[in-house]
Amino acid sequence: MTTVLEFHQVSKQFPGPPEFNALTNINFALKPGDFAAITGPSGSGKTTFLNVASGLDHTTSGRIVIAGQEIGPMSETDLCLFRRRHIGFIFQSFNLFPTLTALENVEFTALVRGDSKKTTRERALIELERVGLKDKASNLPHQLSGGQQQRVAIARALAMQPKIVFADEPTANLDSKTARELIQLFQELNSNCGLTFLFSTHDMLIVESVKQIYRMKDGELI
Ligand SMILES: Nc1ncnc2c1ncn2[C@@H]1O[C@H](COP(=O)(O)OP(=O)(O)O)[C@@H](O)[C@H]1O
Ligand SMILES: [Mg+2]
């Protein structure tokens, strides 16, 4: 396979009122092993881009192909299964379940998917170790720092063994030292495991670290 993600003339209009064209005729592709970022001013469409790229939101027109499959025609159920199988998503605000431990947060999606408890636990522990948090497995999110919570979110994404990981401003809520450590972790995952990443970011630390950089302005790639 030569690409993990393709956009063909993708547009996204929010119905409003007033209607708003958040993405206009975007063509884009990522290859396996790419380590890419989309940057641009606030409101330029970065989050919308990642949301439609990951199937969290629908396009208005155009085609999106992930791992060789076009996601537009899929039913909601199929898309949901497909996302769990192929896509990792890391949010700016971590989005962990506050009442679940770090380990349970990492296990959650795999258990929902129907993976066995034993396999899920083994894989969750491996991923927590990979992000340096095995000793925090039984901590609740509020007992973890922001950087540690983001690492749990990364372990949760990795536990699903995704083809591509989307991360929407993953360092926005972190201090610069923690952000630097996190970017180093992303780089290791990219170079050691060949995992493909697409970030949206304002953060110069990320912009300087990625291999490919794309700029957005008013819903267009420039
Ligand atoms: N659900 C929505 N309804 C209407 N407009 C929206 C919606 N979500 C985002 N937008 C608009 O789309 C534009 C792009 O937003 P967004 O993708 O969040 O930008 P960024 O992540 O670059 O800051 C903004 O002008 C925003 O106001
Ligand atoms: Mg955004």
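Whatever order the structure lists them in is the order used to number ligands and atoms, beginning at 1.
In terms of heavy-atom proximity, K12 sits nearest to D57 at NZ-OD1, 3.3 Å.
If you run ring-ring contact (aromatic ring centres under 6.0 Å, His included) between F199 and each of F49, F186, Y214, only F186 comes through.
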Residues 132-143 side chain polar contacts: donor-acceptor under 3.5 Å, at least two apart:
| residue | atom | partner | partner atom | Å |
| --- | --- | --- | --- | --- |
| Q143 | OE1 | L140 | N | 2.7 |

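Residues in residues 184-197 take part in these side chain to side chain donor-acceptor pair (under 3.5 Å) pairs, two or more places apart or across chains: N190-K211.
T3 contributes no side-chain N or O that, together with a main-chain N or O of A29, makes up a donor-acceptor pair within less than 3.5 Å.
The set of protein atoms (N, O or S) found at less than 2.8 Å from the Mg ion (ligand 2) reads T47 OG1, by chain and number.
Contact residues for ligand 1 (protein heavy atom closer than 4.0 angstrom to any ligand atom): F14, F20, A22, P41, S42, G43, S44, G45, K46, T47, T48.
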>> Does E127 form a salt bridge (charged side-chain N to carboxylate O under 4.0 Å, His left out) with R123? I'd like the steps, not just the answer.
In response: CA-CA 6 Å; E127 297 308 342; R123 215 184 309 129; over 6 Å; no
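To the nearest 0.5 Å, atom CZ of residue R180 and atom CD1 of residue I206 are 12.0 Å apart. Interatomic distance, CD1 of I87 versus CD1 of I66, reported as 3.5 Å (0.5 Å rounding).
Aromatic pair F166/F197: ring centres not closer than 6.0 Å.
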